[in-house]
Protein chains: 4
Amino acid sequence: MTEASTSAASGRRASRGRIDKRQAILEAAFTVFAREGYANACVKVIAAEAGVAKPTVYNHLSDKANLFRHAIEAASDTAMAQNLAVVGRLATPGDDLRAALEDVGDRLLLCYSSDESWALRRLIYAESARFPDLLDVVRGGGPTNRVTEALADRLARLALDGRLRLSDPAQAAEQYIALLTGPMEERSRFGTEQVPADEQRRLVRAAVHTFLQAFGTGAADSAGSANAQGIVKGS
Amino acid sequence: MTEASTSAASGRRASRGRIDKRQAILEAAFTVFAREGYANACVKVIAAEAGVAKPTVYNHLSDKANLFRHAIEAASDTAMAQNLAVVGRLATPGDDLRAALEDVGDRLLLCYSSDESWALRRLIYAESARFPDLLDVVRGGGPTNRVTEALADRLARLALDGRLRLSDPAQAAEQYIALLTGPMEERSRFGTEQVPADEQRRLVRAAVHTFLQAFGTGAADSAGSANAQGIVKGS
Amino acid sequence: MTEASTSAASGRRASRGRIDKRQAILEAAFTVFAREGYANACVKVIAAEAGVAKPTVYNHLSDKANLFRHAIEAASDTAMAQNLAVVGRLATPGDDLRAALEDVGDRLLLCYSSDESWALRRLIYAESARFPDLLDVVRGGGPTNRVTEALADRLARLALDGRLRLSDPAQAAEQYIALLTGPMEERSRFGTEQVPADEQRRLVRAAVHTFLQAFGTGAADSAGSANAQGIVKGS
Amino acid sequence: MTEASTSAASGRRASRGRIDKRQAILEAAFTVFAREGYANACVKVIAAEAGVAKPTVYNHLSDKANLFRHAIEAASDTAMAQNLAVVGRLATPGDDLRAALEDVGDRLLLCYSSDESWALRRLIYAESARFPDLLDVVRGGGPTNRVTEALADRLARLALDGRLRLSDPAQAAEQYIALLTGPMEERSRFGTEQVPADEQRRLVRAAVHTFLQAFGTGAADSAGSANAQGIVKGS
DNA sequence: GATGAATGAGGGTTCATTCAT
DNA sequence: TATGAATGAACCCTCATTCAT
């Protein structure tokens, strides 16, 4: 075997492995940062978790701070994609708008409740003061959160279609998200404990109920969820 | 001045000094933890900020972890008291319920937007996994947040008075808080930047608007704020 | 009650308590030093063990080093007195010299094997380099060990009486002690473990046997212990 | 010089360097521990003495306690080897058994009196309570001291050859060692001061004299040393 | 490119000792 | 005299980072 072929092969393998290795490092980094927090996490442990030597981490990602940023970015991208996919479902809401909003709410909360998602938020919350650029990462690069934006788009469309009554889709989207996720923080003890599925569903129904009270047209409600506040009509 | 009075005075000064010193340490600790995060903060700096020697910190608060807990608790108590005072204003809502809710909203957001408040939330968020008991501290010791609870009490009273329409006051309170604070997180970049006062007010009005759409009776609205969504009737 | 009588009473009580307190401190010090070693022991713990405040320790004994010296001295004096008492028994050896030597050997080993005795030796051994004056303390103040000296006196008397055959009583005394205690060190793992009583007795008999082989006259042996080496005569 | 030889050389130098460094650390550690005692010794000083940075010490030996154990072990191994070599000389005792025993005694005492040897014993004595496993190290790993054992072997052989009269070689060995080393402890002030060579020799002769009185056959003594007690026959 | 080894800097914690009461 | 409180000095250990291979 010639030296050239060797180096080519190993080069390809290497560059293939290079990407894999970088990926492994980033994943390990997120795992460890999530578990230990930024300052407490140590590069040695990350390297071990990734199955590489410590200097390799530095070769790929120069810095602990850089490593952190990229790990957060990767995790954030994954979460963002999931969220956007969920919001995308509102493009075809079907006849029952309430059901659609509840379906999206359920799914969003599922994403929101995952360990990774909580870890991500914890890290960003914790380090936002020391890593100001992290916010742009989590928002998807824009000045406003891309998920809220996408949701606002959908809501605007629904308003145009006469199925919602609202003038500021961005604000409505924000409130939808707030109603959905706000009550989750303490109930899950900031992601430390699991919120029972039925409690989550009740939360979603209540959120959508309030949302539709504020922004609905009163037309397309499904009867079953009409009363998340538990008010028995006629009583 | 007699010797007795002297020693009494200096005795008082001494014991005052002890308490003052502990207070100073806790305040310095919160300041530093807020600025640096738990793991990054170093006791030496805290001691310097408090104007005492490092061992004094350990004499008073045994541990870095303990120091953290107590600093958080102190800050949390302060914040809690402020919040409860604000919520207490709903005991005498006046004729204009919307105005009262907006007033409370404004004031809550004022508390919520303070640097200390953000720092507190950031720290709790960040360390909740490593300090599980922190949550009980911030909730005021009970199983549910005392602020939400107090608010729920007020809302229940208003419902009894026929000025709100709701069956689950705790849930309504949660949603009120969520509508109020949820949109603040990203707008303030997690407390990193100041949200302009008028934007805050708009947020409050929008939150109260949605809240009243969901839980109001339609009776006692003030005309001026009727339209937080910005829909100008008749235009 | 007059002020004078009060102060007199408390004065007497105080000076009484003063001595008690000093005693308590020294005992506590020895206990702690024995348990932790000199460098590891901390004055705070000693004070606690003595039931006094830390500065009181310093009032009484100025220094950690001084405290150590005095604690060692006190313990050493106790041990020395016990040893001397035991050696004194050789003044009236009775008819059976072997029995007398074995009796003294047993008793010396009992002293030697006590926890305090081991602790004392460990401390002196450990710190002899850093506290050179400790040696004089343990020897009882003289240039040679007072116990060995006293023993030498007894042996000399026995030699004069024709019951031993030796010209250098000090050397014989040293060898007696060496034969007695030397084998104990490793068997007891330096005082860490208890040596069974029967093993100790065997040791003593063997030591006395060897001693009498070297220095005995062959006259006054008791038949029973004649054979510590286990040689069955006639076989 | 070719590149290959260079890298080979430097490679060897490197790995040699690693071992050398570990060796240097262990030696420095023993030196410092010997001088300061375990608790008083500080790793920083050890590192300096070894010519490495502090973390290097931790890289090689994880712990202060571990460092101590290994340093003791290394020193102990050295001492053990020397002792065993000396005892080995008894395999070929020559005609004059007394001379052989005195020769071995002299040499054993030489080992025993070295600074390292004293330091070793002091450290083991001092720390045996806090490092119980140290005893196994110093004994050479077995349940009984390997030196005593080896000596017992030799004595047993001599007994078989009819040159000694003893039934318990282990006990005889113990006593030989005790007679030899026991009187050294205080004379050297626990290794703090040098015992004059002639005094050592006298000690050895006395020890061997007593030993042979107890276990000798009376046959092969050299006339010159017959009288370590200084009894001039006929006077 | 990947790694074992080394290091400067720094952090939490403890301790002997001293004031002020 | 006895003590609660305070402190300067160290010490063990860890970590991010860099060489040399």
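Each chain gets a letter, A, B and so on, in the order the sequences are listed, and its residues count up from 1.
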Starting at atom OH of Y58(B), determine the distance to atom C1' of dC11(F), rounded to an integer number of angstrom.
13 Å

Without decimals, in angstroms, what is the distance between I25(C) CD1 and dT1(F) P?
13 Å

In sequence, state the C-alpha distance, the side-chain angles, and the governing distance for V57(A) and K44(A), and then conclude on side chain to side chain contact (heavy atoms under 4.5 Å, CB included).
CA-CA 9 Å; V57(A) 175; K44(A) 184 184 182 180; over 6 Å; no

Flag the pair R122(B) / R122(A) as yes when at least one side-chain heavy-atom distance between them is below 4.5 Å, and no otherwise.
no

Counting only Watson-Crick or G-U wobble pairs whose two distances fall under 3.5 Å, which nucleotide matches dT21(F)?
dA2(E)

It should be established whether K64(D) places a side-chain nitrogen or oxygen under 4.0 Å from OP1 or OP2 of nucleotide dC12(F).
yes

The answer to which of D63(C) and S62(B) contacts DNA chain E further toward the 5' end, by nearest nucleotide, is S62(B)

Option from T31(C), L61(C), I72(C) for which side-chain contact (heavy atoms from CB on, under 4.5 Å) with L26(C) holds:
L61(C)

When the nearest nucleotide of DNA chain F is assigned to P55(C) and to A39(D) on a heavy-atom basis, which residue is associated with the more 5' position?
P55(C)

Rounded to whole Å, please give me the gap between CG in N40(D) and P in dT14(E).
18 Å

Side-chain heavy atoms of Y38(A) within contact of R130(A), under 4.5 Å:
no

Starting at CD of E36(C) and ending at P of dT14(E), how long is that distance when rounded to a whole Å?
14 Å

Assert: residue with more 5' nearest nucleotide on DNA chain F, out of K54(D) and V52(B), is V52(B)

Hey, is the side chain of K21(D) poking within less than 4.0 Å of OP1 or OP2 on dA6(E), counting only N and O atoms?
yes

Would you mind reading off the distance between K44(D) atom NZ and dC12(F) atom C1', rounded to a whole angstrom?
12 Å

Just the rounded figure in Å: distance from C1' of dA16(F) to CG of N59(A).
14 Å

Describe, in one word, how the ring planes of Y125(A) and Y125(B) are oriented to each other, choosing from parallel (under 30°), tilted (30 to 60°) and perpendicular (over 60°).
parallel

Which is true for A41(C) with a 4.0 Å heavy-atom rule: it touches a base, it touches only sugar-phosphate, or it touches nothing?
sugar-phosphate

Compare the minimum distances between each of dT7(E), dA2(E), dC12(F) and the side chain of H60(A), then state the nucleotide with the smallest one.
dA2(E)

Euclidean distance, atom CZ of residue R22(C) to atom P of dT1(F) [Å, nearest integer]
14 Å

Tell which nucleotide pairs with dA16(F), taking only Watson-Crick or G-U wobble pairs whose two distances are both under 3.5 angstrom.
dT7(E)

Distance in angstrom units between Y38(A) OH and dC15(F) P, rounded
14 Å

